[in-house]
Amino acid sequence: GAVVSQHPSWVICKSGTSVKIECRSLDFQATTMFWYRQFPKQSLMLMATSNEGSKATYEQGVEKDKFLINHASLTLSTLTVTSAHPEDSSFYICSAKYRGLAEAFFGQGTRLTVV
Amino acid sequence: KQEVTQIPAALSVPEGENLVLNCSFTDSAIYNLQWFRQDPGKGLTSLLLIQSSQREQTSGRLNASLDKSSGRSTLYIAASQPGDSATYLCAATGAGSYQLTFGKGTKLSVIP
């Protein structure tokens, strides 16, 4: 299957700093990328959907100024958590989809811990 | 708004048993339904994808069925092994939006 690479796999940062997470589709062009967040013992919750070259669409309750998403190319999307706080500590996962495929492929996830 | 429910939340079985995991969804207007495996602290591994026009998919010891009219899907695991221990998530892809709505998962433990 198609490969989606997410980096870093884990990160610890100080409260108030910003963290950037990268999501790359390695062997296909991702026309759409999705960002999810998963709190302990909870399911994955969609944060936003981004289509290449256009602004991301955020789900209700997700602050677009805090979670900056850039999908500048067909193989790369980034999520920047700005002014991170301890409550932002979570597991963040991206998935990528190509227009002609039924399946979305997932990255390995990033464990963010804000101290 | 789509809601996906998985029952049971946790399941413990002895090695070798056959088992069934259940998934239900409220909106039948789905593009497909996927089953994933998630190991602790890890990402998702796609197991099976069933298109909305299909009834089931099989891969090795895994068989997934889909009944859109009743809003249900099941994942059948034959001859379970300790290596099958993980959390299993089902996700419904919305028709048109391609957004996945996940259930909370079933945590499976296979006891040697």
Side-chain angles (χ1 to χ4, degrees), chain A residues 1-11 21-24 30-52 56-62 89-113, chain B residues 1-10 21-27 30-54 57 59 64 66 86-109:
Chain A
V3 178
V4 175
S5 177
Q6 189 172 337
H7 178 80
S9 57
W10 62 270
V11 58
I21 302 170
E22 291 188 349
C23 180
R24 294 180 184 273
T31 50
T32 304
M33 285 193 174
F34 304 91
W35 287 94
Y36 296 84
R37 180 168 54 182
Q38 185 181 34
F39 292 107
K41 298 186 179 181
Q42 297 296 314
S43 189
L44 281 76
M45 297 300 294
L46 180 66
M47 298 175 66
T49 302
S50 72
N51 294 299
E52 186 267 337
T57 301
Y58 290 80
E59 294 300 300
Q60 192 173 10
V62 178
S89 298
S90 186
F91 192 57
Y92 294 85
I93 305 180
C94 70
S95 74
K97 184 186 180 306
Y98 176 68
R99 187 183 297 112
L101 294 177
E103 191 172 356
F105 300 94
F106 284 79
Q108 305 95 315
T110 297
R111 171 73 60 190
L112 170 63
T113 302
Chain B
K1 182 180 178 181
Q2 180 74 276
E3 292 183 4
V4 178
T5 304
Q6 290 187 247
I7 295 173
L21 307 181
N22 297 292
C23 171
S24 62
F25 47 95
T26 56
D27 187 350
I30 62 171
Y31 188 63
N32 60 45
L33 188 132
Q34 287 185 247
W35 283 92
F36 296 90
R37 169 185 173 139
Q38 185 176 31
D39 291 287
K42 303 292 185 181
L44 303 181
T45 300
S46 180
L47 298 174
L48 290 166
L49 180 150
I50 312 174
Q51 299 279 18
S52 62
S53 59
Q54 297 174 324
Q57 281 288 329
S59 176
L66 174 64
T87 296
Y88 290 80
L89 299 166
C90 74
T93 302
S97 69
Y98 301 112
Q99 292 178 357
L100 275 72
T101 302
F102 284 84
K104 290 187 176 181
T106 294
K107 185 176 181 180
L108 173 66
S109 298

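Proteins come first, then strands; the chains are lettered A, B, ... in the order of their sequence lines, and each starts at number 1.
The environment of A/Tyr98 atom OH is sparse: at most 12 non-hydrogen atoms of other residues, nucleotides or ligands sit within 6.0 angstrom. At most 12 non-hydrogen atoms from other residues, nucleotides or ligands lie less than 6.0 angstrom from CD of B/Glu3.
In this structure, A/Arg37 has no salt bridge (Lys or Arg N to Asp or Glu O under 4.0 Å) partners at least two apart in sequence or on a different chain. Applying the salt bridge (Lys or Arg N to Asp or Glu O under 4.0 Å) rule to B/Asp27 yields no partners; only residues at least two apart in sequence or on another chain are considered.
In this structure, the portions of A/Leu44 lying under 4.5 Å from any heavy atom of chain B include both its backbone and its side chain. Residue B/Gln99 touches chain A through both its backbone and its side chain, counting heavy-atom pairs closer than 4.5 Å. Looking at A/Gln6, neither its backbone nor its side chain comes within 4.5 Å of chain B, counting heavy atoms on both sides. Both the backbone and the side chain of B/Leu44 come within less than 4.5 Å of a heavy atom of chain A. For chain A, the nearby parts of B/Lys104 are the backbone and the side chain; heavy atoms of each come within less than 4.5 Å.
For the set B/Thr93, B/Thr101, B/Leu100, the entry with the most heavy-atom pairs within less than 4.5 Å of chain A is B/Leu100. Contact count against chain B (heavy-atom pairs under 4.5 Å) is highest for A/Gln38 among A/Arg111, A/Gln42, A/Met45, A/Gln38.
Contact annotation: the side chain of A/Phe106 never approaches that of B/Gln38 to less than 4.5 Å [non-hydrogen atoms, C-beta and beyond].
Taking both residues in full, the closest heavy atoms of A/Ser43 and B/Leu89 are given as OG-CD2, 4.4 Å, listed atom of the first, atom of the second, then distance.
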